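The structure presented is a predicted model; accordingly, all values stated were derived computationally and were not measured.
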Amino acid sequence: MEVALEQAKRRPAAGKTLLNVERQQHPEIKMSQLEVVEMEDKKKQQQQREEAEAEASVVPSSLRAAATRSLSSLSSSLRWDHRGDGEEEAELTWAAIERLPTLDRMRTSVLSSEAVDVRRLGAAERRVLVERLVADIQRDNLRLLRKQRRRMERVGVRQPTVEVRWRNVRVEADCQVVSGKPLPTLLNTVLSTARGLSRRHARIPILNDVTGILKPSRLTLLLGPPGCRKTTLLLALAGKLDKNLKVTGEVEYNGTNLNTFVPEKTSAYISQYDLHVPEMTVRETLDFSARFQGVGTRAEIMKEVIRREKEAGITPDPDIDTYMKAISVEGLERSMQTDYIMKIMGLDICADIIVGDIMRRGISGGEKKRLTTGEMIVGPSRALFMDEISTGLDSSTTFQIVSCLQQVAHISESTILVSLLQPAPETYDFFNDIILMAEGKIAYHGSKSCIMNFFESCGFKCPERKRAADFLQEVLSKKDQQQYWSHTEETYNFVTVDHFCEKFKASQVEGHNNALSLNIYSLTKWDLLKACFAREILLMRRNAFIYITKTVQLGLLAVITRTVFLRTHMGVDRAHADYYMGSLFYALLLLLVNGFPELAMAVTRLPVFYKQRDYYFYPAWAYAIPAFILKIIVSLVESITWTSISYYLIGYTPEASRFFRQLLILFLVYTGSLSLFRCVASYCQTMMAGSVGGTMSFLVILLFGGFIIPRPSMPNWLKWGFWISPLSYAEIGLTVNEFLAPRWLKTTTSGVTLGRRVIMDRGLDFSSYFCWISVGALVGFILLLNVGYAIGLTIMKPPGTSRAIISRDKFATFDRRSKDMSKDMDNRMPKLQVGNALAPNKTGTMVLPFTPLTISFQDVNYYVDTPVLQLLHNITGAFQPGVLSALMGVTGAGKTTLLDVLAGRKTGGVIEGDIRVGGYPKIQQTFARISGYCEQTDVHSPQITVEEPVAYSAWLRLPIEVDSKTRREFVNEVIQTIELDDIRDALVGLPGSKGNVSLFAVELVSNPSVIFMDEPTSGLDARAAAIVMHAVKNVADTGRTVVCTIHQPSIEIFEAFDELLLMKRGGELIYAGPLGFHSCNVIHYFETIPGVPKIKDNYNPSTWMLEVTCASMEAQLGVEFAQIYRESTMCKDKDALVKSLSKPALGTSDLHFPNTTQRFGEQLKACIWKQCLSYWRSPSYNLVRIVFITISCIVFGALFWQQGDINHINDQQGLFTILGCLYGTTLFTGINNCQSVMPFVSIERSIVYRERNVLSLGLLLGTDDPSLKPGSVVVFLYLGMMIVALTPNIQVASILASMFYTLQNLMSGFIVPAPQIPRWWIWLYYTSPLSWTLNVFFTTQFGDEHEKEISVFGETKSVAAFIKDYFGFHRDLLPLAAIILAMFPTLFAILFGLSISKLNFQRR
């Protein structure tokens, strides 16, 4: 390319003449390139005006004026009118580029008059170019898309299109029919497993013979009430339905069945759930998504375009050329498409912020929702199926996103189907077609322009000021349909969905088969591997703290171990040979246990992996190989750390070759341990099942490893197990490496060397070359486990897709009503009276009194981490009793932040300002007793029904004077007020399961004076949102102070509020005052600001308000809305009001409450009741433990059959074997209970953090039933709970737990007997629960065997004497051991209670 450039520079005149000749020969090309010229005749001016009108028609009416004003800037931005050296240089560069080979020409473009390789554009260059192309999203995105389309059209190239057609699609699910409530209880699970296929099953229809078509260049809206199967339809069209469902009918893309191509690469399904790697930033998430999805047909299209442009002599716009070439290059680590998607999705402001999760502060909920959408549309898919993409977004942001989608559909000829819950009218207007669903059927599918006429022909008319989308959903409901009946002269009868379906007719068009993808993956195998390696390295860097912690932990244990087995205390003789053997076994045990944290890390990444695997981002092997290879480095570092510290200080053979052989074996053991737990994670899939599965694998490997029970002592029919345990080969390698060294060659009385006698006693009598056989075997195990890991990732389905459960009564009801599903549908929905959904309900009364309170706040500021980042700026306002206040603003304005600050939920940052309650300074401990906070992210205990958390909240939060009967009545009234009666026995599920309505009930039942609600209608359809706000309005009418953040309110919901606080991005107030009748006050305030456009008739005031106060409008008008508000009389009036409310009223006193609302006994009863329900309905936790203990008993019984018979014990090895059995059972059951309880407590902890803010409890988390477990097991149980409470996440908890296991092993008195432990570590022995447990077990079993004598190390002793002399266990310490074993769980439980009460690792 450089040679071509030099040749072009040596022929400047010829190059310039060539371009001029091309312009003269192709004047139409010049016009197409420049759009307009300075001297146009009248005809072309008329064409220009028509084109401007066409562009304006694509943009909604609210943006037409802006589009018209931008026409002149459009001309100037497209024109190369800089005459002079710059143009000549650019022309020379283009001439040089045209001489390049096609492949190089595809990668080379002109940027700032210089030739650039688009593959090597820097981050700054990409951002500047995207900013230049899309300076204003609403205006310039349309312009960019049109430029791309015109460039292709003028050379006769069209993008491929996709037509999606489905006929008679029916989806059915198999449900298990159970008696009683359809809950996943332990009993239901056991019965289902035991009876299997004999259990009665029911087949429930989900989709009922639906037919339809999606056309290219059309934006289609999917509407319907909850439960109408919108998500199922989207999944069916995207080819992503669960394989367990029975599907009939046909789904075709361009007439081609889904089975003949790869629908996952042709279309993209955008889920309603946000699932991302929390450690990655927004930019990294999108970059990796773009890299894995590839560029599709962009490269082929671009190649054809530049070929035809060269033939026609066309010079493209340099910026457009650079952009189109940059997004057509496959496999780039950083893609310009990422910058473009971040720009149009509004994510550029948080590009370098980590996504975060419930425990880590990251991007906001709205930004996370936009990231979910951007992650899929960053790819080349020509068909998009988008499921509730507006949940948690304000109407302005939703408007912007749907506007961009409309432009993509119209200009790029994409096929887009979008499901929305509460679309605003201006958003609704973007769509071309509507699909209306109910009861699993399509009631209407056709043009949006015809849908109102369709329903009017059926007798139903949408009232004025009623959102069309709300009308369409409510007109299908039996409870709401009558209010829209327009044929008053006729008697109204309910019109069923089937009646509407009969009027549905689909039209048909043709598409292009070249739009279909036949390749499963977008990248080559090598590129897939490179991309997965890059992501794994990134995640390892982000989790560096965990790896450093593990290495430091291993170093600490090495220091402790070296000082326990100090070489100065150990000689080369038969007595100390067992200590050398014990130290080798302990090293193996430590490295095995140290692999447990890998299980937690692997499990936490699985949900994102399953999502991306099913989208065909990459295959399982490409994910597994980097996880294996990169962890080799971790294994090597930690193995070197251990071996270099311990080898010479313990006193192993001082030979370099033997040092490196031991290092190699330990390295392979640790690598195998990590591989083992990754493999277990891929099959067990959840932390609870994985913990038990990992412990079970650990048990089998250790029992058959040859140390606890030597190979000669195993039953003959189980000796094969020795050869399938990796630990066996590691022991063979280490013992042969050490005990066949020259210093162990002293001959004993039996005629064999000392070293050979030691390994013969342990059943490890192998030749020295077995050291290398062991190395080969360990390498084989590592490869086998990683292959198993890759297979598990490939074949396993995501968890949570098991058969659904339905009660016998519910199924009978469903069966009877199968011909009239509308009745059943409405019975499942909350009831709403005909008429205005928000009309106050005067019939309901609260049975408990409360004290109305005012909240006032002045000059509230909030800083994150440092005062540099300020999220709230001098917020002043007041919330008064009986006044329903709305807190609004665009995404990122600080609404939730302000609520968190006022409610006292922030765990970090700096808060400034004065906050008062009833005129007195706010004290959080008392304020929490009279306030309720409904968070945007609903957090509930797993497996709890809707009614149970409400009853639990009332039990603990209502005053002690309220008796149980009154409390139950109050709970029932609250449930009825929020209209949750019909779903009171339904599970609310895990966090993120849309339980925000029940969360409102949980807070309301505490009888608060002040209620904060963050997005109460998020995730609800229009009808359900109206019901919730109806209940909220009723609550405010009782005299309570209610504050709600709200994103996309309808006109009815918005005008139900009394006061409004409006915030702009950056945390500044721009309005704080009353709404007025029909929002007249708000409208008048903003319309008086010069330049603000007037609101149109029947336009939603909330949407208009956000549109006219957005950042782009501020820049356009040249005003600062926050400054205008600060200078307004409204602000001065608000300041005066706040000052008056900041003084206590006469006759009032500050809030004061006793420490708790309930006695400790009642608190304990409530917590035990709740936890019993949660445990009973968690079969994944209980069954796996039961299965583990059953299998463990069978394995121990088979291996140690009759080994404990005192008559069969003749020497120290026989005694060591049965003592090893006692040691192993104690250790494994303890580790199993600790590992299995940690994920359970980790899930509950996030719920505890919420409940702790409002409940004054000493202990919020229930515990397992300790009556079923012996003392040491209870110790491990409470230990696991305490470790979780002390650590920020489950990964760090696993590291700390593994360290405890290894220390317990070292100081248990079995591997290193108490008499051999140095005095400076003997305190660890006495503080080890395992040592006291073994003292009890050993002495009760053999401590009184004074008559039985055995041969030990060449002398004869009684069993009791050997136990006392060798292990230091004394029978007379049994009473003390019982007391200490009771103290340990008590201490751990107290520490757990204190930690869970005082510590908070959430970052808010």
Side-chain angles (χ1 to χ4, degrees), residues 60-63 65 390 393-400 402-403 422-430 462-471 836-839 877 883-891 893 895 1015-1017 1022 1025-1026 1029-1030 1032-1033 1036 1042-1065 1069-1114 1117 1119 1121-1122 1124-1125 1128 1130:
S61 56
S62 61
L63 299 177
S390 64
L393 301 182
D394 61 89
S395 56
S396 176
T397 304
T398 304
F399 175 90
Q400 174 185 311
V402 177
S403 169
Q422 304 175 51
E426 50 280 358
T427 301
Y428 174 85
D429 289 340
F430 279 121
C462 180
E464 290 187 5
R465 294 177 64 83
K466 181 72 177 180
R467 297 203 298 193
D470 299 355
F471 161 76
N836 187 357
L838 296 178
V883 176
L884 183 57
S885 302
L887 182 57
M888 296 187 65
V890 297
T891 302
K895 305 181 296 295
E1015 286 302 317
T1017 61
M1029 293 310 300
H1030 164 59
V1032 172
K1033 183 68 173 175
V1042 183
V1043 186
C1044 300
T1045 65
I1046 199 84
H1047 270 157
Q1048 301 180 50
S1050 63
I1051 296 177
E1052 294 87 349
I1053 289 178
F1054 180 66
E1055 293 182 347
F1057 287 95
D1058 305 305
E1059 295 260 345
L1060 170 69
L1061 263 72
L1062 182 61
M1063 302 175 68
K1064 61 174 286 188
R1065 190 184 296 275
L1069 271 181
I1070 57 177
Y1071 183 89
L1075 263 73
F1077 181 70
H1078 285 180
S1079 309
C1080 60
N1081 290 8
V1082 178
I1083 295 172
H1084 174 73
Y1085 174 82
F1086 285 109
E1087 284 187 342
T1088 56
I1089 299 175
V1092 172
K1094 307 294 183 183
I1095 189 172
K1096 298 174 182 177
D1097 293 340
N1098 296 327
Y1099 202 80
N1100 191 331
S1102 64
T1103 304
W1104 171 81
M1105 174 185 68
L1106 292 175
E1107 286 179 1
V1108 300
T1109 59
C1110 64
S1112 60
M1113 185 62 73
E1114 271 193 328
L1117 299 178
V1119 298
F1121 287 112
I1124 292 175
Y1125 169 73
S1128 67
M1130 179 184 293

Open item on the list: One pair to check against side chain to side chain contact (heavy atoms under 4.5 Å, CB included): Met888 and Leu1060. What are the steps and the verdict?
Closed with: CA-CA 7 Å; Met888 296 187 65; Leu1060 170 69; 3.9 Å; yes

- [ ] Apply side chain to side chain contact (heavy atoms under 4.5 Å, CB included) to Phe1057 and Met1029, showing your working.
- [x] CA-CA 10 Å; Phe1057 287 95; Met1029 293 310 300; 3.4 Å; yes

TODO: Please assess Glu1107 against Met1113 for the test side chain to side chain contact (heavy atoms under 4.5 Å, CB included), listing each intermediate value before the final yes or no.
DONE: CA-CA 8 Å; Glu1107 286 179 1; Met1113 185 62 73; over 6 Å; no

TODO: Verify side chain to side chain contact (heavy atoms under 4.5 Å, CB included) between Leu1062 and Leu1106, making sure each step is shown before the conclusion.
DONE: CA-CA 9 Å; Leu1062 182 61; Leu1106 292 175; 4.0 Å; yes

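Note that the CD1 atom of Ile1095 and the NE2 atom of His1084 stand 14.0 Å from one another [nearest 0.5 Å]. To the nearest 0.5 Å, the span separating CD1 on Ile1051 from CG on Asn1100 amounts to 5.0 Å. For the atom pair Ile1124 CD1 and Leu1117 CG, the distance stands at 8.5 Å (nearest 0.5 Å). Glu1052 contributes atom CD, which lies 4.5 Å from atom NZ of Lys466 (distance to the nearest 0.5 angstrom). Between atom CZ of residue Arg1065 and atom CD of residue Glu1114 there is a gap of 11.5 Å, rounded to the nearest 0.5 Å. Annotation: the span from Tyr1125 atom OH to Met1063 atom CE amounts to 11.0 Å, rounded to 0.5 Å.
Distance alone, capped at 3.5 Å, is enough to place a donor-acceptor pair between the Lys1033 side chain and the Ala1056 backbone. Side-chain atoms of Asn1081 do not come within 3.5 Å of backbone N or O of Glu1059 as any donor-acceptor pair. In terms of modelled atom types and a separation under 3.5 Å, the side chain of Thr1045 and the main chain of Glu1015 share a donor-acceptor contact. At least one donor-acceptor pair closer than 3.5 Å links the side chain of Trp1104 to the backbone N or O of Pro1093. In this structure a side-chain-to-backbone donor-acceptor pair under 3.5 Å is present from Lys895 to Val890. With hydrogens and angles ignored, the 3.5 Å screen pairs a side-chain donor or acceptor of Tyr1071 with a backbone N or O of Pro1074. Remark: side-chain polar atoms of Ser1079 are not paired, donor with acceptor, to backbone N or O of Leu1075 under 3.5 angstrom.
Ring centroids of Phe430 and Phe399 are separated by less than 6.0 Å, placing the two rings close together.
Ring planes of Phe1086 and Phe1121: perpendicular class, angle over 60° (limits at 30 and 60°).
Ala1072 and Leu1069 get closest at one heavy-atom pair: CB-CD1, 4.3 Å. The shortest heavy-atom contact between Arg467 and Pro1049 is NH1-O, 3.5 Å.
Contact check for Cys1044 versus Val1032: side-chain heavy atoms found under the 4.5 Å cut-off.
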